[in-house]
Structure formats: C-alpha cells, structure tokens
Novice: 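I'd like to ask some things about the structure below.
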Amino acid sequence: MQFVAFGKTSDPSRRSSRYETRTYLRFLTGMDDWTIRTENIAAQFGDLSNLAAHGLDMKGYSAYLKNIYLTGFLSDKAGDSWFDSATGDMQLFNRSTGCGVSFRNGVLRFGRIDPAKPDAGTDFDSLMQTISSTLETLGRINSDEYVSPVEKSFLRERLQDIKAEYAQFHTNALVHISTVRYRCREANYSGCRERNASFE
C-alpha cells in the first residue's frame, strides 16, 4: 500500500495513483511522501467509513468527489429536490413541511411549494416590489409632504387618548366581571340553603 501511495518527489506529474481494496476504490493526487492527507484524496468510491481518519464524517457505501462537473439532471430519490444543469432550474423541497425553495424560468419562489404546481409559492421578486412600495408609502407618510407636523402632533395626542380610554374600559370590565361572579356565587349559595331547608 505504501508503494502505491508514494509519488515521485522529482516529477509532479507522477504523484497521482489509484488503488483498490475489497471495499473501496481510491484516487490519490499530489503525493510526494508516505502520508495520505485529506487534500490528497481526489475521489473514493465504495465504503467511505475510513475517511473519518481524514476529518470527513462519512458512513456507508457512496462516493466522495472533490469536484463535480454536471451536464445533466441531478435529483434525490423521491424527486422532491433536484437541479437541472442545462436550464439552471432547481428545487429544494421538504415533504414533511411542504415548504421549500424553487427557481424555475428565472423566477425565484419560496414558502409553501407544490411540486405538482410549479407556479405555486411566493414570488420573491413580487414580494420585494411590494415591500419596496410599502416602505416608500410609509416614507411619504412619515414625511411632512402628506401629514403636517401639526397633524402628526394631533394624531399622537389622539392615540394617547385612545390608549387611556382602552385602559379605563379594561379596568371597568374587570370590575364588572368580578361583581357578576360574586353575585352568582351569592345566588348559588342562597339557593343551596333554601334547598337544604326544604329537605329538613
């Protein structure tokens, strides 16, 4: 194994190799001594468990690749999350929550996404336009262009009056509820005494 892993120190073009065990196939590059480092492992196929020794937390049988050049379609097993390298469209979808991110035909959507209905979900550009328009409107309202300083002062005073009235209504309601409960308890107590007296 050391013989396979060791590259030629004087010729950089002869520092790559490939070796195979019963459980995995590994490609090495940039080897100029006996130590296999993480940066030397260009790819590995099969059992990836031994990559933990190089700080890569991988388990089971799969593929480890430093770089991927894709010219087609990449999808998970369920077809919920995918990427089309030809069009640039993509979708990340969580089936348990029904939420995800979708980019199709130049439109970015997020939130509730129905994979069967590509146009569902919140249009990000439309949302940003709405937010921008709302901020612009609020900016105009806060300026003196639409509401004068005198009117703003009146509105602030009126708001304080409304808050004070609400507090008074709230206090009166609590007092009324307490009084009604007390009277109900008294009425129930008197009724019980009358029923007990009729049984004696």
Side-chain angles (χ1 to χ4, degrees), residues 1 4-8 11-33 35-143 145-146:
M1 284 309 210
V4 173
F6 189 39
K8 191 171 182 179
D11 187 356
S13 65
R14 296 181 61 84
R15 294 178 184 171
S16 58
S17 61
R18 179 192 73 139
Y19 69 89
E20 186 174 354
T21 72
R22 183 177 56 82
T23 58
Y24 67 90
L25 169 66
R26 177 180 284 181
F27 291 85
L28 298 174
T29 185
M31 292 296 301
D32 57 3
D33 60 14
T35 304
I36 299 176
R37 299 173 180 84
T38 306
E39 58 268 22
N40 300 125
I41 304 174
Q44 183 168 319
F45 301 89
D47 186 7
L48 305 183
S49 302
N50 60 357
L51 290 175
H54 299 278
L56 302 171
D57 185 16
M58 299 183 183
K59 301 178 177 67
Y61 281 75
S62 189
Y64 166 74
L65 305 168
K66 268 192 176 179
N67 299 297
I68 299 176
Y69 298 91
L70 183 66
T71 60
F73 193 81
L74 177 67
S75 174
D76 66 355
K77 187 169 66 172
D80 293 335
S81 298
W82 51 265
F83 171 68
D84 187 347
S85 65
T87 62
D89 293 347
M90 57 82 66
Q91 176 176 285
L92 297 174
F93 181 72
N94 186 317
R95 184 170 288 190
S96 62
T97 63
C99 295
V101 177
S102 162
F103 183 78
R104 301 172 191 247
N105 302 320
V107 179
L108 176 64
R109 292 183 173 86
F110 63 96
R112 295 285 177 182
I113 293 176
D114 184 353
K117 299 176 182 177
D119 294 332
T122 301
D123 186 329
F124 183 76
D125 289 337
S126 297
L127 177 63
M128 292 305 295
Q129 289 175 1
T130 302
I131 292 174
S132 177
S133 175
T134 302
L135 291 175
E136 185 179 346
T137 302
L138 289 174
R140 288 199 302 266
I141 291 174
N142 287 329
S143 71
E145 180 182 352
Y146 283 85

Novice: Under the side-chain contact (heavy atoms from CB on, under 4.5 Å) test, which residues partner Thr35, sequence neighbours left out?
Specialist: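 side-chain contact (heavy atoms from CB on, under 4.5 Å) list for Thr35, sorted by chain: Asp33, Arg37.
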Novice: Roughly how far, to the nearest 0.5 Å, is OG of Ser81 from CE of Met90?
Specialist: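 Reported value, rounded in 0.5 Å steps: 8.0 Å.
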Novice: Over all heavy atoms of both residues, which pair between Thr29 and Ala42 is shortest? Give the atoms and the distance, please.
Specialist: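 Taking Thr29 first and Ala42 second, the nearest heavy atoms are CG2-CB, 4.0 Å.
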Novice: Search all heavy atoms of Asp89 against all heavy atoms of Asn105 and return the closest pair with its distance.
Specialist: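 Closest approach of Asp89 to Asn105: OD1-N, 3.2 Å.
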Novice: Go through the steps for Val101 and Leu108 under the test side chain to side chain contact (heavy atoms under 4.5 Å, CB included), then give the verdict.
Specialist: CA-CA 7 Å; Val101 177; Leu108 176 64; 3.8 Å; yes
Novice: Taking atom CD1 of Ile36 and atom CG of Asn50, what is their separation to the nearest 0.5 Å?
Specialist: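 Reported value, rounded in 0.5 Å steps: 9.5 Å.
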Novice: Between Thr134 (side chain) and Thr130 (backbone), is there a donor-acceptor pair under 3.5 Å?
Specialist: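 The answer is yes, because a donor-acceptor pair under 3.5 Å joins these two groups.
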Novice: Enter the distance from Glu39:CD to His54:NE2 here, rounded to the nearest 0.5 Å.
Specialist: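 The distance works out to 10.0 Å.
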Novice: Taking atom CG of Leu51 and atom OG of Ser62, what is their separation to the nearest 0.5 Å?
Specialist: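 The distance works out to 10.5 Å.
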Novice: Output yes when a side-chain donor or acceptor of Asp80 lies under 3.5 Å from a complementary backbone atom of Asn94, and no otherwise.
Specialist: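 Here the side-chain-to-backbone pair does not exist.
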Novice: Between atom OH of Tyr19 and atom OH of Tyr24, what is the distance when rounded to the nearest 0.5 Å?
Specialist: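 Separation between the atoms: 3.5 Å.
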Novice: With a 4.5 Å cut-off on side-chain heavy atoms, are Arg112 and Cys99 touching?
Specialist: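 Touching, per the 4.5 Å side-chain cut-off.
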Novice: Is the backbone N or O of Gln91 less than 3.5 Å from a side-chain atom of Ser102, with the two atoms forming a donor-acceptor pair by type?
Specialist: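 A pair under 3.5 Å: no.
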Novice: Is a donor on one side and an acceptor on the other found under 3.5 Å between the side chain of Asp84 and the backbone of Phe73?
Specialist: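 Judged by distance alone, no pair lies under 3.5 Å.
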Novice: Hey, could you give me the CZ/CG distance between Arg18 and Leu28, rounded to the nearest 0.5 Å?
Specialist: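 Output value for this atom pair is 11.5 Å.
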Novice: For a quick test of reading the model, state the closest non-hydrogen atom pair linking Ser49 to Gly60 and the distance between them.
Specialist: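 For Ser49 versus Gly60, the nearest heavy atoms are OG-N, 3.7 Å.
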Novice: Would you call the rings of Phe45 and Phe27 parallel, tilted or perpendicular, taking 30° and 60° as the class edges?
Specialist: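 Phe45 and Phe27: perpendicular rings.
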Novice: Report yes or no: does Asp47 contribute a side-chain atom to a donor-acceptor pair with the main-chain N or O of Tyr61 at less than 3.5 Å?
Specialist: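 No; zero donor-acceptor contacts below 3.5 Å.
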